*Asks:* 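One structure, as structure tokens, below. Some questions next.
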Amino acid sequence: MNAPSITTSSARSPAVPTRFDLAAALKDSAKSALIAFGLSIPIVAYRTDQSGADLFLNPRWDMVAIFCAIVFGLRLAQHAFMASRAAREAVPSPTQATELVHAEPSAFQKASRFGIPFFLGVALAFPILIYLIQGGLNESRYWVDLGILILTYVMLGWGLNIVVGLAGLLDLGYVAFYAVGAYSYALLSTTFGLSFWICLPLAGILAAFWGIVLGFPVLRLRGDYLAIVTLAFGEIIRLVLINWVDLTNGGAGISSIPRATFFGIPFTAGEGGFADTFGLEFNGMHRMIFLYYLILALALLTNFVTMRLRKLPVGRAWEALREDEIACRSLGINTTNTKLTAFAIGAMFGGFAGSFFAVRQGFISPESFNFLESAIILAIVVMGGMGSQIGVAIAAIVLVGGPEVLRNLTFLQAVFGSGFDPNEYRLLLFGAGMVAMMVWRPRGLISERQPSVILKERKAISGSLVKEGHG
Amino acid sequence: MRWLQDPILDVQHLTMRFGGLVAINDLSFKAGRGDITALIGPNGAGKTTVFNCITGFYKPTEGMIALRKPDGSHLLLERLPGYDINWKAKVARTFQNIRLFSGMTVLENLLVAQHNPLMIASGFTFLGVLGLGRYRDAEKEAIERAKFWLEKTRLTHRADDPAGDLPYGDQRRLEIARAMCTDPLLLCLDEPAAGLNPRESLELNELLLSIRKDHGTSILLIEHDMSVVMEISDHVVVLDYGTKISDGTPAQVRDDPKVIAAYLGVDDSEVEQVEAEIGA
């Protein structure tokens, strides 16, 4: 559409403060809509439907109207955007000044002072809040379930953050450790009848062991090669789970995995159950709320350990490794061991999350551990900002909670017709969101790095100085 | 001739080949304990390759690199894994193109350099995560040491800034401070004065002399800036095309015709004479 643009011409004279010329913008938008109308008559207005040997023309003037309205709206929005940008450019920005200007704390710094206690408070009070809002335990089932799902991904994101964000090793097969943890719990509990609290550390140890097993061959690899080997490792684990039918029951999965107990007290209706012991009326939601707090505790443990490790020599060595491996070696850091610890500890938290997954579902199959899971976890870490704990948590909420919100956008059916299922466009929107992120915030939501030790004054380190690691 | 009586570093018959290219050809030299030894030579003479062999980044094709500890025991550097050359043999180095951890603060850079002692103090992370053991004290000690070197390199006011934000000269000094935080016996500096202005270059000389005097650290340096080389070094080794062409005090080396020939070329009459000899 080559309609003359009125606002771009005014943007070229930034000295004059631009005012948004509404009449001209409306006129131009109407022109665009007219062109769209002309174009859509041959393309959209009639649909050919075949019925037997005959072709019928079905008029679709409503679609034409929608297209024209969209074009009109977009053109108007474009004018408004251009005008506001021109107005902004006319006034010099204080951040463009070359001399020292008064340094305002960044939006993140302002938000983080309240943000972290706020997030923690909401996470702790979430089941209660939902109970109050939804007005009943059974009504809040969906939301508590969603909370558990999001927290599982927060935990996985924090676990992978150790490998990708801190040590700078790109791991595309993280879901393998998730699977190892899940199958460890499933097999140990169904075969030997071990309780969840014994299996949890065992699952972590086994996952860490496999982390080291993966670590050894990939130590020499960097960048793309490392990514491909880790990707292959994830697939190998999945294929082994499918094909080793004797042990894992193959693609049919393992069912009737023992449910979680409240430190030995089962969540059952009868005598000696949780409700009975505490004098409550039996409700299946007790178990859900317990699971919610269990995963919250596990996620917070992951976070606590990671924060602690960052202040220990091993954490600094991981970050140094991400910055410059050769310099690390010249300073006497055993890069092999350092990489292996990153793999092992990251895998251990994946294993914890996996055994939680198994105890929550009660059924696992290899289908739950496909590459898409790895991709989502990695997307959470990259989108959150590599190395940033709070950023990863926000990204997990957006990436896991977002599709669920999409499921509820039923009003879109009024626009696109009753056959429209917004959930089918989940991945499309996911992709669009990622592209938008990479354009506007290429280093993730929170790209600043917080120093692990300070002498006098805490200063956040700009993301542009922090390296991503080379594999 | 201290380097012959009490060498800290004894390089013998060092040869390094990359495929058909002979980067170092049968090089032998000694660096004296407490000396500042300069390794000079025209571009491409193999100086950095010698450094990479000493500090374990290359495994030499042939030859021996022995480090003599103060108690007289030997360590063969070519047999140690790369990271042990710093930790066990106490050889630290800097790089020609600065290799700082640019996204970490200046102080963090200096703490990473003290990784191994801190790792032991944190019970190889196990005790540290639980908050047990004496890690807290060890970290305080490490920060004190870092502060000492920050003071010495005049970087205290930049301690909490990211290393990548420092100006070039400061980055060079920080790299030396970081290497010194590993408490080395031998400090290998790869062109420490490259890109410094004359004033910074003078300060560097003072810093290096004080490192040698106050800490007893021997220094091996590659340098093109002759004002640095001639002023502070006790011993100069000259390389050309991977072979040693001269070895001695700065004064001896300066007057060596081979060195002058390598750097400045020879008279036309000499070239004609050689051409006549080979019948060109």
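Everything numeric in this text was worked out from a predicted model, so none of it was measured.
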*Asks:* With a 4.0 Å cut-off on N to O distance, would you call K456(A) and D160(B) a salt bridge?
*Replies:*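 Salt bridge: no.
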*Asks:* If you take all heavy atoms of L312(A) and Y135(B), which pair is closest and at what distance?
*Replies:*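 What the structure gives for the nearest pair is CD2-CE2, 3.5 Å.
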*Asks:* Would you mind telling me which of R93(B), M119(B), M104(B) has the largest number of heavy-atom pairs within less than 4.5 Å of chain A?
*Replies:*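 The answer is M104(B).
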*Asks:* L331(A) and side chain to side chain contact (heavy atoms under 4.5 Å, CB included): which partner among H115(B), R178(B), Q114(B)?
*Replies:*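 Answer to the side chain to side chain contact (heavy atoms under 4.5 Å, CB included) test with L331(A) among H115(B), R178(B), Q114(B): R178(B).
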*Asks:* Identify which part of K88(B) has an atom lying under 4.5 Å from any heavy atom of chain A, answering side chain, backbone, both or neither.
*Replies:*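 No part of it gets close to chain A.
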*Asks:* Shorter than 4.5 Å, heavy atoms on both sides: which option in G82(B), A146(B), G56(B), G103(B) has the most such pairs with chain A?
*Replies:*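 Max contact count across the listed options: G103(B).
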*Asks:* Between L118(B), V91(B), D84(B), which shows the greatest number of heavy-atom pairs under 4.5 Å with chain A?
*Replies:*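 Answer, by heavy-atom pair count under 4.5 Å with chain A: L118(B).
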*Asks:* Does atom NZ (K467(A)) have a neighbourhood of more than 12 heavy atoms from anything else shown, all under 6.0 Å?
*Replies:*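 Atom NZ in K467(A) is packed in, count exceeds 12.
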*Asks:* Has N116(B) got a side-chain atom pairing as donor or acceptor with G332(A)'s backbone, closer than 3.5 angstrom?
*Replies:*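 Flag set: sc N116(B) to bb G332(A) pair under 3.5 Å.
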*Asks:* State, yes or no, whether a side-chain contact exists between R322(A) and F101(B) at a heavy-atom distance under 4.5 Å.
*Replies:*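 The answer is no, as the side chains (C-beta and beyond) never meet within the 4.5 Å cut-off.
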*Asks:* Check T105(B) against P451(A) and note the closest heavy-atom contact, atom names and distance.
*Replies:*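 Result for this residue pair: CG2-CB, 3.5 Å.
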*Asks:* Tell me, side chain or backbone of R308(A) under 4.5 Å from chain B's heavy atoms, or both, or neither?
*Replies:*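 Contact with chain B: side chain only.
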*Asks:* Check each atom of T156(B) against the heavy atoms of chain A and say whether the ones under 4.5 Å are side chain, backbone, both or neither.
*Replies:*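 Contact with chain A: backbone and side chain both.
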*Asks:* Please evaluate residues L100(B) and D324(A) with respect to the criterion side chain to side chain contact (heavy atoms under 4.5 Å, CB included), reporting the C-alpha separation (whole Å), side-chain torsions for both, the decisive distance (0.1 Å), and the verdict.
*Replies:* CA-CA 7 Å; L100(B) 289 170; D324(A) 195 323; over 6 Å; no
*Asks:* Is the closest basic N to carboxylate O distance between E108(B) and K311(A) below 4.0 Å?
*Replies:*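 Between K311(A) and E108(B) there is no salt bridge, as every charged N stays at least 4.0 Å from the carboxylate O atoms.
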*Asks:* Do NZ/NE/NH1/NH2 and the carboxylate oxygens of E325(A) and R99(B) come within less than 4.0 Å?
*Replies:*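 The answer is no: the pair does not qualify as a salt bridge.
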*Asks:* I'd like to know which of L150(B), T182(B), V112(B) tops the heavy-atom pair count under 4.5 Å against chain A.
*Replies:*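 Most pairs with chain A among the choices: V112(B).
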*Asks:* Using non-hydrogen atoms only, which part of E175(B) is less than 4.5 Å away from chain A: side chain, backbone, both, or neither?
*Replies:*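 Neither part, no heavy atoms under 4.5 Å.
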*Asks:* Can you establish whether the number of heavy atoms outside M307(A) located under 6.0 Å from its atom CE is more than 12?
*Replies:*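 Atom CE in M307(A) is not crowded, with 12 or fewer foreign heavy atoms closer than 6.0 Å.
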*Asks:* If every non-hydrogen atom of F95(B) is compared with every non-hydrogen atom of A327(A), which pair is closest and at what distance?
*Replies:*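 Minimum heavy-atom separation between F95(B) and A327(A): CE1-CA, 4.1 Å.
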*Asks:* For R449(A), is it the side chain, the backbone, both or neither that has a heavy atom under 4.5 Å from a heavy atom of chain B?
*Replies:*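 When you check distances to chain B, only side chain atoms of R449(A) fall under 4.5 Å.
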*Asks:* Between I454(A), N334(A), T335(A), T336(A), who has the most heavy-atom pairs with chain B when the cutoff is under 4.5 Å?
*Replies:*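 The candidate making the most pairs under 4.5 Å is N334(A).
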*Asks:* For atom OH of Y225(A), decide whether the heavy atoms of other residues, nucleotides or ligands shown that lie under 6.0 angstrom number more than 12.
*Replies:*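 Not buried by this count: 12 neighbours or fewer within 6.0 Å.
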*Asks:* Is N86(B) reaching over with its side chain to a backbone N or O of S330(A), donor-acceptor style, under 3.5 angstrom?
*Replies:*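 Yes, because the side chain of N86(B) sits within donor-acceptor range (under 3.5 Å) of the backbone of S330(A).
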*Asks:* Applying side chain to side chain contact (heavy atoms under 4.5 Å, CB included), run through Y83(B) and I333(A) and close with a yes or a no.
*Replies:* CA-CA 6 Å; Y83(B) 51 87; I333(A) 294 174; 5.9 Å; no
*Asks:* Given heavy-atom pairs under 4.5 angstrom as the criterion, report whether the side chain, backbone, both or neither of L309(A) touches chain B.
*Replies:*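 For L309(A), the side chain is the part near chain B, not the backbone.
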